[in-house]
Amino acid sequence: MDITIHQNGQIIHIRNSQISYVMEVVDGRYLVHRYFGKSIRRYRGMGVPRYFKRGYSTEHECGQEYVSFDDFPFEYPLRGHGDFRMPAFAVTQENGLTYSDLIFQSVKVWDGKPQIEGLPSLNAGSREAKTVEIICADPKIGLKVTLYYTVIGEIGAVIRHQKIENTGDQVLYLQNAQSFSMELPAREYDFLSLYGTHAKEGNRDRFRLHHGVQRIGSVRGSSSSQHQPFFALMSPDASEEKGEVYGFHLIYSGNFLAQAERDQFGNVRAQMGIHPDTFCWKLAPGEAFETPEAVLNYSGGGLNQMSHNFHRLYREHLFPGNFAGKTRPILLNSWEAMYYDVSLEKIEIQADLAKKLGMELFVLDDGWFRAGNDSRSSMGDWICNEKKLPGGIAKAAEIVHGKGLKFGLWFEPEAVSRKSRLYEIHPDWALNVPGYHMTEGRHEYLLDLSREDVRDYLKGMLDSYLKSGDIDYIKWDMNRPLTDVNSVLLSADRKGEASHRYILGLYDILGWLKETYPSVLVEGCSSGGARFDPGMLYYVSQNWASDNTDAFDRLTIQSGFSLLYPPEVIGAHVSITPNHQTGRVTPLDTRYQAARLFNLGYELDLTKCSEEEKEKIRHQTEEHRKEQEQLMGGTFYRHDVPNDNYVMWSVVTEKVCAAVIFQKFFDPLCSHGQFRLLGLDPEADYEDAESGKIWGGDELMQIGLTVPLVKEDFHAFAVILRRKV
């Protein structure tokens with residue numbers, strides 16, 4: 001990795017063996033983008049547009065003749081000076097004008113990477129990363145913007161964020177501050193995003209980028225199950241295994257906007273950051289604001305290489321240290337066995353069976369604190385209902401630990417029920433707009449996490465349960481979007497800060513939890529995958545992908561999330577059939593195969609399993625434990641398959657390859673195909689663990705496996721290949 005500044009300080013070139021990112025300072029004033037893509041040795045001025053005189057345009061003093069600001073590749077663009085495309089930044093002055101002019105001031109390079117106060121960000125030491133810091137300013141209004149660009153090792157990505165400071169005497173109001181803006185040359189691109197809804201997250205949406213603005217985002221107060229804070233621009237021929245891909249990901253858990261604009265000339269501008277529709281931040285003199293980090297990822301090897309960049313970046317520089325690179329316990333979650341109707345007797349029976357079947361962690365889900373067996377009360381009090389659990393959580397933990405299992409407990413700390421002691425005492429602690437009816441979701445309101453007294457209450461509540469050491473795991477849930485977004489403590493000129501301050505408050509609590517109880521395994525959840533984002537994964541070691549545990553649907557959900565996240569942080573459970581969410585019946589082996597390469601758990605009533613099913617589960621957990629150590633940290637691949645009746649995944653390490661091929665339906669028209677492996681050593685031989693047959697790595701990758709057509713729907717084929725020494 002290296003960052004060079006040459007041509008008298010005009011050219012800034014960020015590079016490693018994978019990528020180059022090039023900027024130019026034009027006329028000592030304008031910071032413009034020149035290139036992002038495959039690594040080049042040195043930039044010498046290629047690709048600079050040749051302008052000509054245009055009508056219905058604006059004129060500017062610039063060393064490039066006939067330049068049009070509406071066609072100028074600004075690195076951090078503003079509106080008001082002749083650039084009519086998407087702006088990345090807007091600030092309003094005291095006089096009501098939304099106008100500024102950012103002029104290049106200085107550039108410096110330093111070893112290491114900046115951290116952002118109060119926000120999650122990637123970690124890298126002085127020997128692992130290099131950062132270029134570029135200062136632009138508007139001295140007339142006392143505005144300073146520092147742009148940060150970091151490259152980490154030889155990973156094909158650049159990390160971006162901005163720091164905005166008020167250095168003047170007047171109050172400024174920040175209306176828009178995107179985490180990055182980037183220009184791409186005029187050519188054809190496909191736009192790829194992950195969309196969905198509750199119980200159907202992570203679906204791919206791919207379409208040709210057309211003229212105008214294409215945008216996705218969330219104003220739900222969380223990153224949302226509707227849209228992952230990610231999009232990619234890719235060559236039309238790109239697939240899992242080939243083609244150029246530019247992938248963009250925001251390390252943030254709140255409202256976001258992601259957009260791409262193809263202008264009248266075919267040039268493309270991409271941006272991502274906090275959603276400006278729900279944001280206005282007051283900057284008093286001397287105050288500063290920092291945007292969330294964004295990852296700009298380049299792949300010349302299709303979506304798999306993009307994924308590998310993200311996976312490596314997050315494994316090595318984002319995930320909490322105590323669990324990064326570590327195997328996770330196989331868990332049994334109580335929800336689909338008990339729902340709200342929990343008891344010590346049920347816990348003991350389920351835990352006893354879980355231990356016998358090879359599970360390592362029992363998780364007590366919702367219901368343990370409820371006054372009844374529904375979601376209408378008690379949220380926010382967090383007092384164990386000892387009519388259900390005599391002796392409380394300590395007794396439940398004692399039972400589970402006595403079986404030789406770890407004990408986990410479900411919380412939803414952000415919510416409060418109208419029927420609760422907490423709400424009776426502190427109705428003002430909930431998000432609310434005085435004088436208006438409050439909106440419930442799942443019979444809940446949300447606590448105002450921007451308030452320090454609310455955060456102190458929640459920290460104290462969690463501490464009261466965790467300090468005994470009885471709890472080994474927490475499932476942190478959040479089951480409704482934000483409405484009535486107002487903090488009664490915020491002054492009128494700071495009301496636009498409420499949504500972002502909620503997220504800052506959430507991060508404050510999670511940061512305290514991570515530092516105070518680093519040995520507690522925390523799993524994030526928000527009605528499934530409604531807050532599955534890299535911001536949360538800075539604090540929690542895994543995330544629940546979806547409340548939908550149907551194996552068939554999970555092929556889509558987990559394939560989608562695997563674009564961005566390595567398999568060990570994607571929670572995947574084997575559940576009962578007919579499935580509780582879809583009613584679909586799938587074989588037990590298929591349910592296991594859909595989960596085995598991910599963060600494996602079980603979510604079913606073990607007392608309703610037949611002896612044959614229990615034996616199969618015992619075999620599954622034994623097999624998974626043997627594979628875990630071998631596959632942890634391996635490279636995950638999604639495969640281009642002969643037709644869409646199949647899905648194929650694999651994990652490859654130096655010594656072993658585990659591959660699973662799913663046949664969705666029995667269809668004689670889809671009975672032939674070759675399934676090529678990826679990432680093997682072409683010079684090595686591999687032994688099939690089941691048959692003992694030997695195959696060459698080159699043979700497996702160039703020709704591939706064949707599988708029979710099986711006369712059943714939802715069938716899975718699994719292959720373990722061990723490299724011959």
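Sequence positions, counted from 1, serve as the residue numbers for this chain.
D138 places no side-chain N or O within 3.5 Å of a backbone atom of S100 that could act as its donor or acceptor partner. Here the side chain of N203 pairs a donor or acceptor atom with the backbone of Y195 at under 3.5 angstrom. Not a single donor-acceptor pair under 3.5 Å links the side chain of Q175 to the backbone N or O of W281.
Within the 4.5 Å cutoff, the side chain of K514 has no heavy atoms near those of the V522 side chain. Side-chain contact between L677 and Y686 is absent, with no heavy-atom pair separated by less than 4.5 Å. Looking only at side-chain heavy atoms (C-beta outward), H275 and S499 stay at 4.5 Å or farther from each other.
Of the N and O atoms on the side chains of T4 and Y43, not one donor lies less than 3.5 Å from an acceptor on the other residue.
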Please report the C-alpha distance between S239 and D640 in whole Å, then the side-chain angles of each, then the deciding distance to 0.1 Å, and finally whether the side-chain hydrogen bond (donor to acceptor under 3.5 Å, both in side chains) criterion is met. CA-CA 7 Å; S239 68; D640 291 333; 2.9 Å; yes
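Ring centroids of Y149 and Y21 are separated by less than 6.0 Å, placing the two rings close together. In this structure, F230 has its ring center no closer than 6.0 Å to that of Y565. Taking the six-membered ring for Trp, H81 and F69 have ring centres at least 6.0 Å apart. Taking the six-membered ring for Trp and the full ring otherwise, the centers of F74 and F89 sit at least 6.0 Å from each other.
Checked against K113 for a salt bridge (Lys or Arg N to Asp or Glu O under 4.0 Å), the options E293, E133, E128 give a single hit: E293.
How far CG of L192 is from CG of L209: 12.0 Å, rounded to the nearest 0.5 Å. Note that CG of L303 and CG of L563 are 6.0 Å apart. Values are rounded to the nearest 0.5 Å. Atom OG1 of T167 and atom CG of L172 lie 8.5 Å apart (nearest 0.5 Å). Separation of atoms CD (E154) and CZ (R312) is listed at 7.5 Å; rounding is to 0.5 Å.
Note: F231 and F191 have parallel aromatic rings, judged against thresholds of 30 and 60 degrees for the angle between ring planes. Between H500 and Y252, the ring-plane angle classifies as tilted under the 30° and 60° cut-offs.
The residues R315 and E568 are annotated as salt-bridged, a charged nitrogen and a carboxylate oxygen being separated by less than 4.0 angstrom. For the pair E75 and R160, the salt-bridge criterion is met [side-chain N within less than 4.0 Å of a carboxylate O].
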All N/O donor-acceptor pairs, side-chain side in residues 649-658, below 3.5 Å, sequence neighbours left out:
residue: W649; atom: NE1; partner: S559; partner atom: OG; Å: 2.9
residue: S650; atom: OG; partner: H639; partner atom: NE2; Å: 2.7
residue: T653; atom: OG1; partner: K655; partner atom: N; Å: 3.4
residue: T653; atom: OG1; partner: V656; partner atom: N; Å: 3.2
residue: T653; atom: OG1; partner: V656; partner atom: O; Å: 3.3

